[in-house]
Amino acid sequence: MLRVYALHCGSLEFDRSLFFPASAQGVRIATPVSSYLIVHPQGKVLFDTGIHCDALTDPAGRLGKRVASLFGLRSRAGEDVVSQLATLGIGPHDIRYVVNSHFHFDHCGCNASFTRATFLLQRAELLAARTERNRYNPKDWDHPLDYREIDGEHDVFGDGVLVLLPTPGHTPGHQSLWIRLDAGTQFVLTADACYTQEHLEKTILPGAVHDAAQMTQSLAMLRGLRDRQGVKLLYGHDAGQWDAMPHAPHPFI
Ligand SMILES: [Zn+2]
Ligand SMILES: [Zn+2]
C-alpha cells in the first residue's frame with residue numbers, strides 16, 4: 001500500500017513577472033514551496049527538501065543577496081521539511097531515497113539533513129551545479145551526501161510505481177516524479193518543469209529558463225501524459241491547486 005503526503009514547506013512572495021514574463025512589473029504574488037513524502041513498502045522516498053530554515057532569519061546570508069532581493073520568504077515556524085516529517089513521526093534518518101527535482105534553493109535547501117539517504121539526481125543537474133557555481137548555491141547541495149547520478153528515466157524500486165521522469169529545460173537536469181498506482185491512478189509531481197496550470201495551458205515559459213526549446217518540449221510531454229493517459233499533474237508552485245489538496249499529517253493518497 002502506497003501513501004503519499006504533501007508537505008507544506010512555507011511560501012515565497014515575489015514579482016509576478018518572474019513567473020509570467022508578459023505580466024507588468026509591480027504585482028506581488030505568493031506561491032507555496034512543497035515537498036512530498038512517498039511511503040513505499042520498500043522504503044520512504046522524499047521528493048525535494050524545500051528551503052533551509054536559516055533563510056527565515058538571515059535571507060541574504062543563506063540565499064545570497066540577489067535571490068534574497070527577489071524572493072521574500074513567508075514561512076512560519078514548522079514550515080520546513082524536517083518539521084513536517086516530524087508531524088508524521090518520521091526523522092531524516094528514516095528516509096531511504098531523496099529525489100531532488102533540481103538544485104534551486106527552494107527544492108534542495110535541506111539536503112544536508114538527510115545524511116543516511118541516497119539522493120537520486122540527473123547527471124546533467126549535478127554537472128551543472130558543479131560547473132556553474134554562480135547559478136546554484138553550494139550551501140544547499142554541496143555536502144558529503146550519497147549522490148547517485150541517473151541518466152534519463154529511472155524506476156526507483158523496479159516495480160513501476162515510482163519513476164523518475166527527465167523534464168529538462170528549466171535547468172539542464174530537471175526531473176519530475178511519476179507515481180503509478182494503477183492505470184487509473186497516476187500522478188506526476190512536476191516541480192519547476194511546470195509552475196502552475198496556467199503555464200501548462202498557455203505554454204508560458206517563466207523567467208528562469210535554461211533552454212526554452214527543451215522546456216517547451218517538457219511541457220508538451222507533461223500535457224500529453226495528462227491528456228492521453230489521464231495522469232494528474234501536481235504543479236510545482238500552483239497556489240490554487242496546493243490550497244485545495246490535503247497536507248501532512250493527512251495523506252494525499
Ligand atoms: Zn527552479
Ligand atoms: Zn521552485
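For ligands, and for the atoms within them, numbers begin at 1 and follow the listed sequence.
The aromatic rings of F187 and F252 lie perpendicular to each other, with more than 60° between the two planes, well past the 30° mark.
A salt bridge is defined here as a Lys NZ or Arg NE, NH1 or NH2 lying under 4.0 Å from an Asp or Glu carboxylate O, and R116 with D94 fails to meet this definition.
Between H237 and the choices H107, H199, H170, the ring pair (Phe, Tyr, Trp, His ring centres under 6.0 Å) rule is met once, by H107.
In this structure, H210 has its ring center no closer than 6.0 Å to that of H174. With ring centers used as reference points, F119 lies 6.0 Å or more from F114.
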Would you mind writing out the side-chain donor-acceptor pairs for residues 31-41 within the sub-3.5 Å range, not counting sequence neighbours?
unit_1, atom_1, unit_2, atom_2, d
S35, OG, D48, O, 3.0
H40, ND1, Q42, N, 2.9
H40, NE2, D159, OD2, 2.7

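For the Zn ion (ligand 1), the nearby protein N/O/S atoms, meaning those under 2.8 Å, are H102 NE2, H104 ND1, H170 NE2, D192 OD2.
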